[in-house]
Amino acid sequence: MRTCPVCASRFPNFLPLPAKYFEVFHRLKVFYSLEDFETLNIGQYSCPACQCSDRDRLYALYIAQFLPRPEGRPLRILDIAPAPVLSKLLRGLTNVQYRSADLYSELADDKVDITDMHLYPDESFDFIVCSHVLEHVPDDAKAIAELHRVLAPGGRAILMVPILTTIHETDEDPNEKSVDERWARFGQDDHIRMYAKDDFLGRLKKGGFAVESFDSARFREGAFRMHGITETSILYVGSK
Ligand SMILES: [Zn+2]
């Protein structure tokens, strides 16, 4: 039996990654396989009950076990480009102040450009979720600096991007106009970058973050398998 840590449903298996992804990568004869991404479970991808992805489930495990709690006041959360099910989970936690931010989505509380979040004062959040955003942003260094600025000392930030484990240099080009080329080089039509692991971690450190890695050994034995997360998955949490 598998269980979803986001919605608590139980079932034999999660649903696989939709076939359209395999079709486009096959058609474009890309140089990598979907199995080469560090945190992506192509066989057990989305929850049949709440539609959360494997990375959402990884964040839910972290939140349940490691979320920092300031004493005597609510936990101030900033959720960037919120995923609906994870947003619901965060808003449902006890004693939190939740804000969501997005450049485009009307569903977010605030319309915010991640490279210029002047709406938020320095050090105004204790916990930030920034998942699969930076690979869309041309000036990711500016975005990382802003995330660091608004995080309070002692705070934590989930900082996740797609990481291709088979490359050792990041490939980026905000001016790539071909949709097929963006799929092939960056993994999606609206990505402008494919991160190599060491380079991504280097960019976070350069932006001031201390980065902690949460792999399967940090969680209960068998937890990743039960919750549909691959053994190679790693959660990166920045602190200040
Ligand atoms: Zn679920």
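Read the numbers this way: they start at 1 and go in the same order the structure lists the ligands and their atoms.
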Asker: Where the Zn ion (ligand 1) is the centre, what is the SG-to-SG angle for C4 and C7, rounded to 10°?
Answerer: 110°
Asker: I need the SG(C50)-the Zn ion (ligand 1)-SG(C47) angle, rounded to 10 degrees.
Answerer: 110°
Asker: Is the terminal nitrogen or CZ of R57 (NZ for Lys, CZ for Arg) located under 6.0 angstrom from the six-membered ring centre of F14 and within 45° of that ring's axis?
Answerer: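 Relative to the ring axis of F14, which defines the angle, R57 lies inside both limits.
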Asker: Is the distance between the ring centroids of F66 and F219 less than 6.0 Å?
Answerer: yes
Asker: For T170 and A196, indicate whether the former's side chain and the latter's backbone hold a donor-acceptor pair under 3.5 Å.
Answerer: yes
Asker: Determine whether Q44 and D54 make a side-chain contact, defined as any pair of heavy atoms from C-beta on separated by less than 4.5 Å.
Answerer: no
Asker: Mind checking whether the Zn ion (ligand 1) has an N, O or S of C52 under 2.8 Å?
Answerer: no
